[in-house]
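Note sheet for the following structure.
For ligands, and for the atoms within them, numbers begin at 1 and follow the listed sequence. For clarity, every value in this text was computed on a predicted model and none was experimentally measured.
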Amino acid sequence: MTGPVRNVDDLMATGHGYQRSMVLLAALKLGVFRALAAGACDAPALAKRIGADSGKLSVLLDALAPLGLVAKSGRRYRNAAAAREFLLPGKNSMESILLHHLDGWSDWGRLPATIRAGSAAKGGVEGSYQENFIRGMEENARERAAVVARRIRVRPGERVLDLGGGPGTYAVAWAEASPDARVTLFDTPGTLRVTRKILREKGASHRVSLVEGDFLVDPLGGPYDFVWISQILHAYSEADCVRILRKVRSALAVGGRAAVQEFVLAEGKTSPPGPVFFAVHMVAVTEGGRAYTAREIAGMMKASGFRRVVSGSPDPRGVGIVRGVR
Ligand SMILES: C[S@@+](CC[C@H](N)C(=O)[O-])C[C@H]1O[C@@H](n2cnc3c(N)ncnc32)[C@H](O)[C@@H]1O
């Protein structure tokens, strides 16, 4: 059920949609799909493999069948095609980003309290949080990064900053598209611990220089010819976004370019659905963040001193880019 509510069945499907979500996320967290990749088996055998209660696990496994994630024949379960493609390690894996959604589950459970109080009612964070988050960003960006790096050209020798570059998907894409560019990725120490692992796994550590810091308080270095600010602003209030963008502008050479990439809300803020629900996610998990319209992003860039500010059309997921020049 992804469209609007038109009848009582749609209403109820929306109301208990979290049940389908948790069946998938619980199975993933328990390692069901990886364990089934070792061979089809019944619930007691699988319970032994993953360390779970066999009776309860069998109920969960049965619920994965109507989701199309496992197939059951007799008492034995095996991974269905969608699970084999997206829920196991591999080039199309979505494991980390889904586990990141599970990490946000308790924040969503506190959404009424957060909205009443006006700030995120925080719970504890799991040790695997940052790893799931940053690897999840790689899964989200891996197809788009090469397209963006071809569309936004970086000239030979230019100095590029990937601000809050996370997994380095975009930084590596620019380094590959323009081998002479000097690419720097700035992020927090906690994120860079994961970034280093990802770059090593890709054999790309030599392509990107890493700088540790908090971009709200630490110098960004520079001067740079191009600064890429992807999926950063939505975690911050408008006042903080302007602060960040002013800092970016000061770190650019005169004539240097900046590009902001975000899940962009249409005017009116009730579409497209992806960015609309993402905005609620930001309310649940951050202090001052939300999603912005292209006009709001352009307005913040102009307020930070950028000129020649232009917005591109968002892609089908609602991801759009706003560019400006110092
Ligand atoms: C949603 S991820 C986006 C990652 C990457 N830019 C992309 O589009 O795939 C946000 C990134 O910004 C980093 N970040 C957020 N606040 C930061 C801050 N104050 N200083 C440095 N990095 C920050 C996070 O650590 C994370 O890597």
**Message:** So for atom NZ, which belongs to K202, do other residues, nucleotides or ligands contribute more than 12 heavy atoms lying within a distance under 6.0 Å?
**Reply:** yes

**Donor-acceptor contact below 3.5 Å, side chain R249 vs main chain R326** = no

**Asked** Is there side-chain contact between T191 and T188, with at least one heavy-atom pair below 4.5 Å?
**Response** yes

**Asked** Mind checking whether F133 and D103 have side chains closer than 4.5 Å, heavy atoms only?
**Response** no

**Item:** Under 4.0 Å from ligand 1 - residues by heavy atom, chain and number
**Value:** F133, I134, M137, G164, G165, G166, Y170, D187, T188, T191, G213, D214, F215, S230, Q231, I232, Y236

**Prompt:** Given V248, which of V260, I229, I232, L161 fulfils the side-chain contact (heavy atoms from CB on, under 4.5 Å) condition?
**Reply:** I229

**Prompt:** Heavy atoms, side chains only, cut-off 4.5 Å: are N79 and L69 in contact?
**Reply:** no

